[in-house]
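Working notes, structure below.
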Amino acid sequence: MTQNGFAEINGTKFYYEVSGQGFPLVLVHAGIADCRMWDGQFDTFARQYQAVRYDRRGFGKTAMVAGDYSQYHDLYAFLKFLGIEQAILVGCSQGAKTVTDFTLEYPKMTKALVLVAPALGGFIFNGEPPKQEEQLELAEQTGDLDLVNELELQIWVDGPQRTAEQVNPNVRELAREMNRIALQTPEDLGNEIPLVPAAVNRLSEINVPALVITGDLDTPRTLAGADFLAQNIPGAKKATMNGVAHLPNMELPEEFNQLVLSFLEQT
């Protein structure tokens, strides 16, 4: 049975779902998605763990509100709301940044980390930007959200080496639907406060088992950040999934699930 509801914390109402029994495993979504990106994982993980997923503020069913906030503080308050003192944390993209920052701020509350297509606070990439960047900036300036959405799908879901036609249409359309909600959030609403010092200089402080997962068709920036994390988190392992980009769990759910569950069994 899946329990769902809204957690009233930190000035807004966070939509969440909980299913299964056992040690808590919390899924934190990417910046072009909401908690539905974990549809291919939620029931599977709930067979062995207490699976938890939620919409970060400004995504899915969780509204963005005015004022300062931090994603890792939101995660802390959410876990406290559920009575969870320690959890396995699985985060994708900006969700991976959130769980990394959380682990540095609240180290005793993290049992293990799975960082998928990860972003990293403070990481600087000096390579070429995506070919869509100029067009994306213009679309943002003119307020053409449909074009912004399509260009972001090209960057993140398709990746730099594929066309839209080469991607599972169901994955692409769910990503479009999820990202459309986030794009409708007013840019001047909410002010995210980053972790200081940034995580990029503090990875040696992480002392829990960590797995970094990437898709080989992801952006060069993401791949470089993932390598940096794998090289600088003590004892971290890295796995590459072939033929997928920034949302590997959505494109190849069975392979992704096996990677994660095998890693957790070993730890």
Query raised in the report: How would you list, by chain and number, every residue that makes a ring-ring contact (aromatic ring centres under 6.0 Å, His included) with Phe228, sequence neighbours excluded?
Result: Phe123
Query raised in the report: Any side-chain heavy-atom pair from Arg172 and Leu153 closer than 4.5 angstrom?
Result: yes
Requested in this report: Using atom types as modelled and distance alone, determine if a side-chain donor or acceptor of Thr110 lies under 3.5 Å from a backbone N or O of Pro107.
Outcome: no
Requested in this report: Answer yes or no: are there more than 12 heavy-atom neighbours, outside Glu128 itself, under 6.0 Å from its atom CD?
Outcome: no
Scan the side chains in residues 93-100 for donor-acceptor partners under 3.5 Å anywhere in the protein, sequence neighbours excluded, and list what turns up.
unit_1: Ser93; atom_1: OG; unit_2: His246; atom_2: NE2; d: 2.8
unit_1: Thr98; atom_1: OG1; unit_2: Gln94; atom_2: O; d: 3.1
unit_1: Thr100; atom_1: OG1; unit_2: Ala96; atom_2: O; d: 2.8

Report task. Kindly say whether Ile193 contributes a backbone atom to a donor-acceptor pair with the side chain of Ser70 at under 3.5 angstrom? Result -> yes
Query - Step-by-step side-chain hydrogen bond (donor to acceptor under 3.5 Å, both in side chains) determination, Glu254 to Gln258 - result: CA-CA 6 Å; Glu254 293 182 3; Gln258 186 58 45; over 6 Å; no
Query raised in the report: So which pairs with a foot in residues 163-189 pass ring-ring contact (aromatic ring centres under 6.0 Å, His included), sequence neighbours left out?
Result: none
**Report entry** Closest heavy-atom pair and its distance - Pro234, Ser204
**Finding:** CG-O, 3.8 Å
Requested in this report: Give a yes or no on whether Ile88 and Leu75 share a hydrophobic cluster (residues Ile, Leu, Val, Met, Phe, Trp, Tyr; joining criterion: side-chain heavy atoms under 4.5 Å apart).
Outcome: no
Query raised in the report: So Tyr72 and Leu104, side-chain contact (heavy atoms from CB on, under 4.5 Å) or not? Walk me through it.
Result: CA-CA 10 Å; Tyr72 61 92; Leu104 291 167; over 6 Å; no
Query raised in the report: Is Ile233 reachable from Leu264 through a run of I, L, V, M, F, W or Y residues, each pair having side-chain heavy atoms under 4.5 Å apart?
Result: no
Query - Residues in salt bridge (charged side-chain N to carboxylate O under 4.0 Å, His left out) contact with Arg202, at least two apart in sequence or another chain - result: Glu205
Query raised in the report: Is Glu251 salt-bridged to Arg162, cutoff N-O under 4.0 Å?
Result: yes
Query raised in the report: Is it the case that Gln166 and Asp158 place a side-chain donor and acceptor less than 3.5 Å from each other?
Result: no
Query raised in the report: Is a side-chain donor or acceptor of Thr222 paired with a backbone partner of Asp218 at a separation under 3.5 angstrom?
Result: no
Can you give the donor-acceptor pairs under 3.5 Å from side chains of residues 133-147 to other protein atoms, not counting sequence neighbours?
unit_1: Thr142; atom_1: OG1; unit_2: Leu138; atom_2: O; d: 3.1
unit_1: Thr142; atom_1: OG1; unit_2: Ala139; atom_2: O; d: 3.2
unit_1: Asp144; atom_1: OD1; unit_2: Leu147; atom_2: N; d: 3.2

Query raised in the report: Who are the salt bridge (charged side-chain N to carboxylate O under 4.0 Å, His left out) partners of Glu265, not counting sequence neighbours?
Result: none
Can you give each donor-acceptor pair under 3.5 Å made by side-chain atoms of residues 16-30, sequence neighbours left out, with the distance rounded to 0.1 Å?
unit_1: Tyr16; atom_1: OH; unit_2: Gln3; atom_2: NE2; d: 3.4
unit_1: Glu17; atom_1: OE1; unit_2: Arg53; atom_2: NE; d: 2.9
unit_1: Glu17; atom_1: OE1; unit_2: Arg53; atom_2: NH2; d: 2.9
unit_1: Glu17; atom_1: OE2; unit_2: Tyr15; atom_2: OH; d: 2.6
unit_1: His29; atom_1: ND1; unit_2: Ala33; atom_2: O; d: 3.3
unit_1: His29; atom_1: NE2; unit_2: Arg56; atom_2: N; d: 2.9

Report task. Supply the atom-to-atom distance Thr240 OG1 to Leu223 CG, rounded to the nearest 0.5 angstrom. Result -> 8.0 Å
Query raised in the report: If every non-hydrogen atom of Gly122 is compared with every non-hydrogen atom of Ala198, which pair is closest and at what distance?
Result: CA-CB, 3.9 Å
**Report entry** Heavy-atom side-chain contact between Leu183 and Glu152 under 4.5 Å
**Finding:** yes
Requested in this report: Would you give the length of the straight line joining atom OG1 of Thr103 to atom CG of Leu113, rounded to the nearest 0.5 angstrom?
Outcome: 4.0 Å
**Report entry** Trp156 reachable from Ile181 in the ILVMFWY side-chain graph, under 4.5 Å edges
**Finding:** no
Report summary line: Heavy-atom nearest pair, Cys35 first then Asp55, reads N-OD1, 2.8 Å
Query - Salt bridge present between Arg176 and Glu173 (N-O < 4.0 angstrom) - result: yes
Report summary line: Which of Thr214, Leu115, Ile206 passes side-chain contact (heavy atoms from CB on, under 4.5 Å) with Leu229? It is Leu115
Requested in this report: With rounding to the nearest 0.5 Å, note down the distance linking CD in Gln184 to CE in Met64.
Outcome: 13.5 Å
**Report entry** Pairs meeting criterion side chain to side chain donor-acceptor pair (under 3.5 Å) with involvement of residues 76-88, two or more places apart
**Finding:** Lys80-Glu85
Requested in this report: Side-chain contact test, heavy atoms from C-beta onward, threshold under 4.5 Å: evaluate it for Leu261 versus Thr44 and give yes or no.
Outcome: yes
Query raised in the report: Checking Asn179 side chain against Ala175 main chain: does a donor-acceptor pair fall under 3.5 Å?
Result: no
Donor-acceptor contacts under 3.5 Å from residues 4-14 side chains, at least two apart:
unit_1: Asn10; atom_1: ND2; unit_2: Asp74; atom_2: OD1; d: 2.9
unit_1: Thr12; atom_1: OG1; unit_2: Ala63; atom_2: O; d: 3.0

Requested in this report: Consider only side-chain heavy atoms of I, L, V, M, F, W and Y, link residues closer than 4.5 Å, and tell whether Phe59 and Val171 are in one cluster.
Outcome: no
Requested in this report: Run the numbers on Val212 and Lys237 for side-chain contact (heavy atoms from CB on, under 4.5 Å), then give the verdict.
Outcome: CA-CA 6 Å; Val212 180; Lys237 299 180 180 180; over 6 Å; no
Query raised in the report: Between Thr185 and Gly58, which heavy-atom pair has the shortest distance, and what is it?
Result: OG1-O, 3.3 Å
Query - Expected output: side-chain Asn249 to main-chain Gly40 donor-acceptor under 3.5 Å - result: no
Query raised in the report: Does the ring center of Tyr106 lie less than 6.0 Å from the ring center of Phe102?
Result: yes
**Report entry** From Leu189 atom CG to Glu187 atom CD, the distance as rounded to the nearest 0.5 Å
**Finding:** 11.0 Å
Query raised in the report: Between the side chain of Asp101 and the main-chain N/O of Leu195, is any donor-acceptor distance below 3.5 Å?
Result: no
Query raised in the report: Going by side-chain heavy atoms closer than 4.5 Å, which hydrophobic residues are tied to Leu217, directly or by a chain of links?
Result: none
**Report entry** Test salt bridge (charged side-chain N to carboxylate O under 4.0 Å, His left out) applied to Asp227 - qualifying residues, sequence neighbours left out
**Finding:** Lys238
Report summary line: Taken to the nearest 0.5 Å, the spacing of Arg221 CZ from Asn126 CG works out to 9.5 Å
Query raised in the report: How about Leu82 and Val52: do any of their side-chain heavy atoms sit closer than 4.5 Å?
Result: yes
Requested in this report: Not counting sequence neighbours, which residues clear side-chain hydrogen bond (donor to acceptor under 3.5 Å, both in side chains) with Asp68? List them please.
Outcome: Asn191
Report task. Check the hydrophobic clustering (I, L, V, M, F, W, Y; side-chain heavy atoms under 4.5 Å; chains of links allowed) and say if Leu211 and Val208 are grouped together. Result -> no
Requested in this report: Measure the spacing between CG of Asn232 and CG of Asn201 and express it to the nearest 0.5 Å.
Outcome: 9.5 Å
